[in-house]
Amino acid sequence: INGSSGQDVTFKNLIFTAIILFSITIEAQYNSQFNRGGRRNQQRQQPMTTPKQKPPKFNVEMAVGMTFYNIEKVTKKIGIKKDSEKFIVVSSIFKKFNTDLNQVKRINTFLFSEAETKIMRAQKESFNTRDYTMFRKAYKEVTTTFEPIVKIVEEKEKELDKKIEKVLTTKELKKWVKYKKNIKKR
């Protein structure tokens with residue numbers, strides 16, 4: 001008798017556990033079905049219109065390759081301490097470079113603003129009509145107009161590199177080249 005009642009309790013526990021697991025599984029399936037259906041209905045109710053995107057802003061300085069260097073950041077990345085004599089020399093080189101670029105920018109202000117207006121107008125028109133031939137044509141014209149300025153900027157960059165090369169150690173020069181490459185990627 002004792003042996004059979006122990007088997008009854010175990011059998012009852014097994015059946016009870018199976019019923020609980022079964023009900024949990026059913027509830028989970030029901031909830032998952034309900035939630036998916038609810039999400040589908042919500043998606044259908046949302047309006048299908050997407051807000052109009054604005055075309056990206058044209059940056060003339062980036063188009064001609066102008067990079068104005070933040071002296072504090074550059075010297076920190078290169079590893080030059082502020083209290084060293086090298087810092088004074090390097091910072092004066094960068095100040096001169098930034099001044100020269102500002103001069104180029106100032107001389108060509110009218111050309112830059114004209115090109116920016118032209119590109120923005122063509123970009124807006126192309127964006128609205130989805131016909132990008134007008135934009136390509138305007139971009140090509142602006143690119144040809146900027147060729148002499150790009151050459152000047154490249155010459156200034158080469159001069160900067162030559163001056164910096166004379167002052168920096170090999171290790172610092174490697175850091176400078178790496179930093180410059182990262183800046184130019186942006």
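Because the structure is predicted, anything quoted here is derived from the model rather than measured.
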Take K184 and E157, measure what salt bridge (Lys or Arg N to Asp or Glu O under 4.0 Å) needs, and give me the verdict at the end. CA-CA 12 Å; K184 293 290 182 179; E157 286 277 348; 2.9 Å; yes
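- In plain terms, the two heavy atoms of N98 and T67 that are nearest each other are OD1-O, 4.4 Å.
- Evaluation of the side-chain hydrogen bond (donor to acceptor under 3.5 Å, both in side chains) rule for T170 yields no partner, not counting sequence neighbours.
- Linking Ile, Leu, Val, Met, Phe, Trp and Tyr whenever their side-chain heavy atoms come within less than 4.5 Å leaves I71 and I88 in two separate clusters.
- For residues 132-152, the set of pairs meeting the salt bridge (Lys or Arg N to Asp or Glu O under 4.0 Å) definition, not counting sequence neighbours, comprises K118-E141.
- With sequence neighbours excluded, no residue satisfies side-chain hydrogen bond (donor to acceptor under 3.5 Å, both in side chains) with Y139.
- The line from CZ of R130 to CD of E125 is 12.5 Å long, rounded to the nearest 0.5 Å.
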Donor-acceptor pairs under 3.5 Å, side chain of residues 158-168 to any protein atom, not counting sequence neighbours: which ones?
{"residue": "D161", "atom": "OD1", "partner": "W176", "partner atom": "NE1", "Å": "3.2"}
{"residue": "D161", "atom": "OD1", "partner": "K180", "partner atom": "NZ", "Å": "3.1"}
{"residue": "D161", "atom": "OD2", "partner": "K180", "partner atom": "NZ", "Å": "2.6"}

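- For T75, there are no side-chain hydrogen bond (donor to acceptor under 3.5 Å, both in side chains) partners two or more places apart in sequence or in a different chain.
- For G65 against V153, the heavy-atom pair with the smallest separation is O-CG1, 3.5 Å.
- In this structure, NZ on K175 lies 7.5 Å from CD on E172, to the nearest 0.5 angstrom.
- In this structure, F146 and F112 have perpendicular ring planes: the angle between them is above 60°, well past the 30° mark.
- To the nearest 0.5 Å, atoms CG (L111) and CD (E114) are separated by 6.5 Å.
- M134 is not connected to I119 by any chain of hydrophobic side-chain contacts under 4.5 Å among Ile, Leu, Val, Met, Phe, Trp and Tyr, and they are in different clusters.
- Scanning all heavy atoms of the two residues, the minimum distance from T169 to K86 falls at CG2-NZ, 3.5 Å.
- Within the 4.5 Å cutoff, the side chain of F87 has no heavy atoms near those of the K81 side chain.
- A heavy-atom distance below 4.5 Å is not found between the side chains of K82 and K76.
- There is no path of hydrophobic side-chain contacts, each under 4.5 Å, that joins I107 to I152.
- When side chains are defined from C-beta on, N102 counts as touching F68, because their heavy atoms get closer than 4.5 Å.
- Contact check for I78 versus L173: no side-chain heavy atoms found under the 4.5 Å cut-off.
- In K77, the NZ atom is not crowded: 12 or fewer heavy atoms of neighbouring residues, nucleotides or ligands sit closer than 6.0 Å.
- With sequence neighbours excluded, the residues satisfying side-chain hydrogen bond (donor to acceptor under 3.5 Å, both in side chains) with K96 are D100.
- Side-chain contact check for R106 versus Q103: some heavy-atom pair is nearer than 4.5 Å.
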